[in-house]
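Each remark here refers to the structure printed beneath this line.
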Amino acid sequence: MLTESELARYSRQILLPDFDIAGQEALGRACVLIVGLGGLGSPAALYLAAGGVGHLRLADGDTVELSNLQRQIVHDEASLGVNKARSAAQRLAALNSTTQLHVLAECLQGRALAAAIAGADLVVDASDSFATRYALNRACLEAGVPLLSAAAVRLEGQLALFDTRSGGACYRCLYPLAAAEDQRNACAESGVLGPVVGILGSLLALEAVKYLAGMQTLQDEVLMLDLRTLAQYRLRLQRRPECSDCGSGAAP
Ligand SMILES: [Zn+2]
């Protein structure tokens with residue numbers, strides 16, 4: 001049951017017929033793990049907290065640097081030198097005191113990663129490296145939790161929801177091999193405009209809210225955005241039977 005205050009606070013989204021009170025209640029019950037509180041994770045976390053997601057687990061092992069402030073809008077000058085998950089939690093607590101926040105101030109691996117995913121309804125990949133994405137993919141497959149993933153660099157971005165429970169593709173079906181050059185710090189090397197990660201991070205929040213509320217989401221497709229021309233493309237996502245993570249190539 002929503003309180004008077006919740007009905008008022010979330011009234012603009014409750015007005016949507018396919019979201020309604022049931023959608024709001026679903027958000028309130030939901031637990032989302034956000035991996036990366038940088039350029040993508042900032043708007044994603046802000047919108048999920050503002051929209052009334054009940055439990056947010058915030059994971060990031062990095063600290064806020066001056067060059068982050070151009071696009072990582074959940075942080076501010078007072079956050080410099082502070083762990084990004086902690087800094088984000090401070091801002092989100094001020095934004096919505098009813099969202100339960102769990103700070104994971106580390107680069108999640110192995111058992112810590114599995115523990116962070118356990119019990120989550122959705123994992124939001126707002127990370128910046130192939131190594132992290134592959135680790136998330138394997139851990140999400142094992143836990144049976146869908147993985148919503150975005151990436152952005154320069155003026156380009158992409159977004160996909162990997163939900164293998166209904167026969168969908170996994171992240172490694174899309175990228176069987178890591179790119180020769182790991183894209184960690186891709187933004188440092190190639191550059192990125194702030195609003196580009198803002199748009200992709202907002203799309204992460206949008207698809208997360210739609211998924212949690214039981215609305216239609218991006219399915220079996222990768223959305224590719226060329227934000228220089230504002231063109232968008234969609235690639236069909238197909239499960240690869242020989243995939244080394246979800247298919248016959250997987251280790252027993
Ligand atoms: Zn796969």
Side-chain angles (χ1 to χ4, degrees), residues 30-36 38 40-41 44 57 59-60 104 107-153 156-186 197 200-201 203-212 214-226 232-252:
C31 176
V32 177
L33 168 65
I34 302 176
V35 179
L40 296 166
R57 297 175 183 167
D60 202 312
L104 301 158
C107 179
L108 292 175
Q109 289 174 324
R111 288 163 75 167
L113 176 57
I117 291 176
D121 298 291
L122 180 69
V123 173
V124 170
D125 161 31
S127 71
D128 60 356
S129 82
F130 274 105
T132 302
R133 294 201 172 100
Y134 284 135
L136 282 177
N137 188 55
R138 283 188 295 272
C140 283
L141 277 167
E142 270 175 31
V145 175
L147 175 65
L148 177 62
S149 181
V153 69
E156 300 144 29
Q158 66 175 59
L159 178 83
L161 175 63
F162 302 98
D163 189 353
T164 54
R165 295 169 306 171
S166 47
C170 80
Y171 181 77
R172 198 178 279 275
C173 291
L174 178 63
Y175 292 111
L177 301 167
E181 161 197 11
D182 191 342
Q183 293 215 337
R184 181 159 177 82
N185 291 322
V197 285
L200 273 299
L203 285 172
L204 281 174
L206 176 68
E207 292 303 301
V209 165
K210 283 156 60 180
Y211 173 79
L212 296 170
M215 298 163 76
Q216 178 74 44
T217 57
L218 182 67
Q219 230 175 7
D220 302 320
E221 284 183 325
V222 189
L223 175 67
M224 321 269 291
L225 296 179
D226 177 349
Q232 65 156 286
Y233 312 88
R234 282 158 183 261
L235 286 182
R236 188 99 192 124
L237 247 186
Q238 274 187 318
R239 192 165 201 169
R240 288 187 316 109
E242 72 281 15
C243 174
S244 63
D245 278 6
C246 74
S248 59

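In each ligand, atom 1 is the first atom listed, and ligand 1 is the first ligand listed. Small disclaimer: the values here were computed from a predicted structure and weren't measured.
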Protein-derived N, O or S atoms sitting under 2.8 Å away from the Zn ion (ligand 1) total 4

Check this for me: Arg111, atom CZ, are more than 12 non-hydrogen atoms of other residues, nucleotides or ligands nearer than 6.0 Å? no

Is any side-chain heavy atom of Phe162 closer than 4.5 Å to one of Pro146? no

Would you mind reporting whether Tyr233 and Leu225 have side-chain heavy atoms less than 4.5 Å apart? no

Enumerate, atom names and distances included, each donor-acceptor pair closer than 3.5 Å involving a side-chain atom of residues 116-126, sequence neighbours excluded.
{"residue": "Asp121", "atom": "OD2", "partner": "Cys31", "partner atom": "N", "Å": "2.8"}
{"residue": "Asp125", "atom": "OD1", "partner": "Ser127", "partner atom": "N", "Å": "3.0"}
{"residue": "Asp125", "atom": "OD1", "partner": "Ser127", "partner atom": "OG", "Å": "2.7"}
{"residue": "Asp125", "atom": "OD2", "partner": "Arg133", "partner atom": "NE", "Å": "2.8"}
{"residue": "Asp125", "atom": "OD2", "partner": "Ser149", "partner atom": "OG", "Å": "2.5"}

Closest heavy-atom pair and its distance - Gly144, Arg165: O-CD, 3.2 Å

What is the ring orientation for Phe130 with Tyr171, classed by angle as parallel under 30°, tilted 30 to 60°, or perpendicular over 60°? tilted

